[in-house]
Amino acid sequence: MQEYFNFDEVEKKWTTRWHEENLYKTGDDPNKENYYVLEMFPYPSGNLHMGHVRVYSIGDVIARYKRMQGYNVLHPMGWDAFGLPAENAAIKHGNIHPQEWTWKNIDNMRRQLKAMGLSYDWDREVTTAKEDYYRWTQWFFVQMYNNGMAYKKESTVNWCPSCDTVLANEQVVNNACERCDTEVESRDLEQWFFKITDYAEQLLEDHKLLDNWPEKVKIMQKNWIGRSEGMRIKFSVKGVDEELEVFTTRPDTLYGATYMVLAPEHPLVKDLTKGTEMESKVEEFVARVKRQKEMERTSAESDKMGLFTGGYAINPVNGEEIPIMIANYVLMSYGTGAIMAVPAHDERDFSFARKYDLPIKVVIQPEAREEILTAADMDEAYTGNGYLINSEEYNGLSVTDAFAKMGKDFEAKGIGNLEVNYRLRDWLISRQRYWGTPIPIVYCDDCGVQPIPEADLPVKLPHDVEFSPTGESPLTTVEEFVNTTCPACGGAAKRETDTMDTFVDSSWYFLRYLDPHNEAEPFAKEESKNWFPVDQYIGGIEHAILHLLYSRFFTKVVHDMELTDAVEPFTNWLAQGMVLKDGAKMSKSKGNVVDPEEILAEYGADTARLFILFASPPEKDLEWSEKGVEGADRFLNRVWRLVSDNLAGLKKVDADYQIDNFSKEEKSLHRALHVAIKKVSEDVGERLNFNTAISAIMELTNEVYSYLNDRKSKDTNYQLLKDVMEKTVLMLAPFAPYMTEELWEELGQEGSVHRASWPEYNKKALQKDEITIVVQINGKVRDKLNVPAKISKTDMEEKAMDRERVQEYLAGKEVIKTIIVPGKLVNIVIR
RNA sequence: GCGAAAGUGGCGGAAUUGGCAGACGCGCUAGAUUUAGGAUCUAGUGGGCUUCCCCCGUGUGGGUUCGAGUCCCACCUUUCGCACCA
């Protein structure tokens, strides 16, 4: 046996054997429970980065641990292979096709993942850009078109001028493109949408089922969905035969409405101003607001701009005539695009009213205030609780009671309806780019919009395309693609040329893994019963809204299509932290990138994995440290040497012994073993705290070293040592799969360590004969003493009191009381 | 502005239920081994001090408690999310 761990040799040896034995094939033992662990699949950029190393190391430890625990484990890997960088690379380099670029990257990254020793079932590899996958993405689209979940409409959408395509709302961050950070523009276009808003309530409601999701992420999604309860109230408009509807969360302040505001895009604006002296002014104003960037318009700090339209609305409760304004701070995309303004009790309305000198009428009186609140002494809106004033029969009611009573009354009188509104918009899925799933729709002059029949799927993405971005989909230039026949009438028709957002591809890949070779359906329902939902999902928090919300939506759609019983895709989600170097995220521009390939070449996969799991708990950010990597390497070699140095002795015996006549040192080592098993099992299995699990194994290893050092001249108990080493190797196996496999073989074991059972601890072995208790005087530790483990409370107190040191402290003082925590401490309170 | 999380040695971090703060690792110091270096092993390593005794110590200030890193209140700093959504 080598004296040190030669990772290169060992990795080569076991990579081959594992492949030959198909060791990580998904289990199908009917006597075992199933467990599905999944990490977010990568975009094939070409090379792994440290973030990948971290997330896949975490997933692999869980997969390996669960296998050893006796589960059938589904642990698959694939490629989020459609997307812009492939096209951009093609444009930049001129001579490489996006497909070729992608396939090449996948090959390289697959090689890198394999080098990391990850236990994937590669037979289930899924690639979203392959026909056998996107065919089913299209199939889902057609199903969704047929049940009304996919539809086309013209609206104002976000356009990224750098990516030359529209974006979904979720892909716009601070008014900039989530991918390239370019400021987005608004365009009015006809686009395809998924009706995610139909599921707004359920997406919120079902957060309840996601106990083990980070609270933060649920809050982010909740904010994004933006549910608010309120009322839709109808105002009549003076002199115009039309009603003006507003949405408000404060119907209780209706008596305080002193003006109305329409979004500049509101259709009523034209009706109100047509032919009036205001017409040209209003038109000018609308044009000005439209020129304003979305950012300026929707930022809380920016100035509110408004203009009187000349029209008046009638307050339905008291008949008051109130002026109708238009203003930039009211958005057409939320609610009805119009509001009733209650400046006394809404901050935005207040600042607008002050700026344009509009009346302010107080209708809520703060409970705590003695004198009556008036508009004159307000310098900000009062939005808190209180009771109603200036509101006729509702005077004196609390805000909550008024809301309830007015809601009921207004509904009865036909003034308004209780309504729930959401900030969430439908998901815009069309993209004007080449490298994506074609939308399976044709347009026929006679039959209109026609989905492609199932039998004709996939609509293949043509290969030879001039894909330089022009703002229109590159597919429009491919005549063989565009010109087709109508599936309904057989006449000439044209294909949809937009492709789908790649987030569509990744919204259901976790379902395809269940049954990746199924040619008849996206997956068999039976397989979803076996494996779905994912028991443990792992990935970056940057997808808190995007991918995770879309996947939840998709799962609910698939559920309602009766293809699965599950309503949520990911039972547990671990959001892993970033990998930092010098306190900052690794990036090319900062020049602080550490290439995983170099680390693997220098230290091997086991060391790289061990370090990245040891340096920090998985959900926190991790500071990369070359010294830390060396430390991990040192530890693995310490374990290796324990086996190699004692191999002769270990080979002679079995791990079989009676503890009854163990020496003190042997007992202590035996106990340390079982303490470690308990700790590691809990940390890996329940807490997912791999850093402390590894430190527990290190402590055990340190115990073995001190045991061997203490006994230099005496006999080593090889039976015990063998047991300790076997179990150390088992516990280390999920972290360092190569080295442990080699040691397992050296220890004379048959079969793979990764098919062996996880060790169990013995409760009895954890017990101590003698324990150390602490004696405190007034809460300060003053003495420690060793006592039998089974000592009674009174004996504890007695022994503590007997101590010389304690007596010194007690001299001349009065003992007020003593607190005794069994097995831990005695605290003597003196005065 | 609102919301959430965090703040512990020189560094990464541990302390799971209110009970010995600093496990484990890095770094550092000393010793052993070695021709030397590296590697390895052993011991030490929060600060102070009248040095084996005591005092101080988990962002700051207060509080609850026999006892607080942990609970409560106020504040500071950092990170993240939201930010005219009616």
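The figures here come from the full heavy-atom set of this structure, side chains too, leaving out hydrogens, waters and symmetry mates. This is a predicted model, so every value here is computed, not measured. Just so we're on the same page: letters track the sequence lines, and every chain starts at 1.
- As rounded to whole Å, 19 Å separates atom P of B/A39 from atom CZ of A/Phe5.
- Nearest nucleotide to the A/Ser616 side chain, out of B/C84, B/G13, B/U16: B/G13.
- A/Arg641 comes within contact range of the sugar-phosphate backbone alone, with a heavy-atom separation under 4.0 Å but no base atom that close.
- The residue A/Thr249 sits close only to the backbone: its heavy atoms come under 4.0 Å of sugar-phosphate atoms, none of a base.
- Residue A/Asn637 is classed as having no contact, given no heavy-atom separation below 4.0 Å to the nucleic acid.
- Note: A/Asp346 CG to A/Thr248 OG1 = 8.0 Å, rounded to the nearest 0.5 Å.
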Table of protein N/O atoms under 3.5 Å from nucleotides 62-67 of chain B N/O atoms:
from  : atom 1 : to       : atom 2 : distance (Å)
B/C66 : OP1    : A/Lys817 : NZ     : 3.4
B/C66 : O2'    : A/Asn827 : ND2    : 3.4
B/C66 : O2     : A/Asn827 : ND2    : 2.4

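- Within 4.0 Å (heavy atoms only), A/Lys784 reaches at least one base atom of the nucleic acid.
- When each of A/Ala696 and A/Phe247 is assigned the nucleotide of RNA chain B bearing its nearest heavy atom, the one mapping closer to the 5' terminus is A/Ala696.
- Within 4.0 Å of A/Arg227, counting heavy atoms only, lies no atom of the nucleic acid at all.
- For B/G38 and B/U33, the C1' atoms lie 13 Å apart once the distance is rounded to whole Å.
- When the C1' atom is used for both B/C26 and B/G19, the distance is 30 Å, rounded to whole Å.
- The A/Arg634 side chain lies nearest to B/C26 when the options are B/G25, B/C84, B/C26.
- By the side-chain contact (heavy atoms from CB on, under 4.5 Å) test, A/Lys678 is found to be paired with A/Glu682, A/Tyr761, A/Leu766, residues two or more places apart in sequence or in another chain being considered.
- Here the side chain of A/Ala615 is nearest to one of B/U16, B/A23, B/G12, namely B/G12.
- Looking at heavy-atom distances under 4.0 Å, A/Gly631 makes contact with sugar-phosphate atoms alone, never a base.
- Within 4.0 Å of A/Phe690, counting heavy atoms only, lies no atom of the nucleic acid at all.
- The gap from the P atom of B/U58 to that of B/G69 amounts to 7 Å, rounded to the nearest Å.
- Side-chain N/O atoms of A/Arg805 include none lying less than 4.0 angstrom from OP1 or OP2 on B/C52.
- No contact: A/Asn421 has no heavy atom under 4.0 Å from any strand.
- B/G7 and B/G57 are spaced 16 Å apart, taking the C1' atom of each and rounding to whole Å.
- Among B/G19, B/A86, B/C41, the nucleotide with an atom closest to any side-chain atom of A/Thr248 is B/A86.
- Separating the C1' atom of B/U8 from that of B/G46 is a span of 10 Å, rounded to the nearest Å.
- In this structure, A/Arg423 atom CZ and B/A86 atom P are separated by 10 Å, rounded to whole Å.
- Atom C1' of B/U45 sits at a distance of 14 Å from the matching atom of B/G25, rounded to the whole Å.
- Comparing B/C41, B/A83, B/C24 by their nearest atom to the side chain of A/Arg638 picks out B/C41.
- Taking atom P on both B/G18 and B/G27, the two are 36 Å apart, rounded to the nearest angstrom.
- For A/Val330, the side-chain atoms get nearest to B/A86 when compared with the rest of B/G81, B/U42, B/A86.
- Rounded to whole Å, the distance from CD on A/Glu347 to C1' on B/C2 is 10 Å.
- Using a 4.0 Å cut-off between charged side-chain N and carboxylate O, A/Glu808 and A/Arg805 make no salt bridge.
- Note that the NE2 atom of A/His543 and the OH atom of A/Tyr550 stand 10.5 Å from one another [nearest 0.5 Å].
- Between the side chains of A/Thr336 and A/Glu245, no donor-acceptor pair of N or O atoms lies under 3.5 Å.
- In this structure, B/G9 shows a glycosidic angle within 90 degrees of zero, which is the syn conformation.
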side-chain hydrogen bond (donor to acceptor under 3.5 Å, both in side chains) for A/Tyr329 and A/Ser351? Distances and angles first, verdict last.
CA-CA 11 Å; A/Tyr329 78 97; A/Ser351 65; over 6 Å; no

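- At a threshold of 4.0 angstrom between heavy atoms, the contacts of A/Ser351 with the nucleic acid are absent.
- Across B/A14, B/A86, B/G81, the shortest atom-to-atom separation from the side chain of A/Asn223 is found for B/G81.
- For the pair A/Asp795 and A/Lys799, the salt-bridge criterion is not met [side-chain N within less than 4.0 Å of a carboxylate O].
- Using a 4.0 Å heavy-atom distance criterion, A/Arg425 is classed as making no nucleic acid contact.
- Under a 3.5 Å cut-off, the side chain of A/Asp426 and the backbone N or O of A/Thr197 do form a donor-acceptor pair.
- Comment: A/Glu770 does not engage A/Lys768 in a salt bridge, judged by the lack of any side-chain N to carboxylate O separation of less than 4.0 angstrom.
- Counting heavy atoms of neighbouring residues, nucleotides and ligands inside a 6.0 Å radius, atom CD of A/Glu347 does not exceed 12 of them.
- At B/A4, none of the side-chain N or O atoms of A/Lys216 fall inside 4.0 Å of OP1 or OP2 (strictly under the cut-off).
- Each of A/Gln221, A/Lys222, A/Lys218 was compared with A/His207 under the side-chain hydrogen bond (donor to acceptor under 3.5 Å, both in side chains) criterion, and only A/Gln221 meets it.
- Comparing A/Tyr705 and A/Asp349 against RNA chain B, the residue whose closest nucleotide sits nearer the 5' end is A/Tyr705.
- Not one side-chain nitrogen or oxygen of A/Asn174 sits closer than 4.0 Å to the OP1 or OP2 atom of B/C82.
- Taking a pair as Watson-Crick or G-U with both hydrogen-bonding distances under 3.5 Å, the stems of three or more pairs touching RNA chain B are B:1-7 with B:76-82, B:10-12 with B:24-26, B:27-32 with B:40-45, B:46-48 with B:54-56, B:59-63 with B:71-75.
- In this structure, A/Tyr356 contributes its side chain and A/Gly306 its backbone to a donor-acceptor pair below 3.5 Å.
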